[in-house]
Amino acid sequence: MDISLILKVAGVGILVTVACQILTRAGRDEQATLVSITGIVIVLLMLVGQIGDLFRTVREVFGL
């Protein structure tokens, strides 16, 4: 795992937080919720390869 993945996740988190705050203050709570769900999906898609590597390593370690 390299530092660029952590920085990407942090960047998405900051952008989603700012967008949610702006939308909430504008009275658009539904759009703020959709933005936060979209942010979670984007981060999960970024991490799916790393999670696959984790499972592969666990299987190798335990000989499954």
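Residues take their numbers from the sequence shown, with the count starting at 1. Just so you know, these numbers use all the heavy atoms, side chains as well, and skip hydrogens, waters and symmetry mates.
Counting only residues at least two apart or in different chains, salt bridge (Lys or Arg N to Asp or Glu O under 4.0 Å) contacts with residues 36-47 are absent.
Phe62 pairs by the side-chain contact (heavy atoms from CB on, under 4.5 Å) definition with Val58, Leu64, not counting sequence neighbours. In this view, Arg56 and Asp53 satisfy the salt bridge (charged side-chain N to carboxylate O under 4.0 Å, His left out) rule, not counting sequence neighbours.
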Validation: residues 4-22 side-chain donor-acceptor distances under 3.5 Å, sequence neighbours left out:
residue : atom : partner : partner atom : Å
Ser4    : OG   : Asp2    : OD1          : 3.3
Ser4    : OG   : Asp2    : OD2          : 3.2
Thr17   : OG1  : Gly13   : O            : 2.7

Please tabulate, one pair per line, all N/O donor-acceptor pairs under 3.5 Å involving side-chain atoms of residues 28-47, not counting sequence neighbours.
residue : atom : partner : partner atom : Å
Thr33   : OG1  : Asp29   : O            : 3.0
Ser36   : OG   : Ala32   : O            : 3.4
Ser36   : OG   : Thr33   : O            : 2.7
Thr38   : OG1  : Leu34   : O            : 2.7

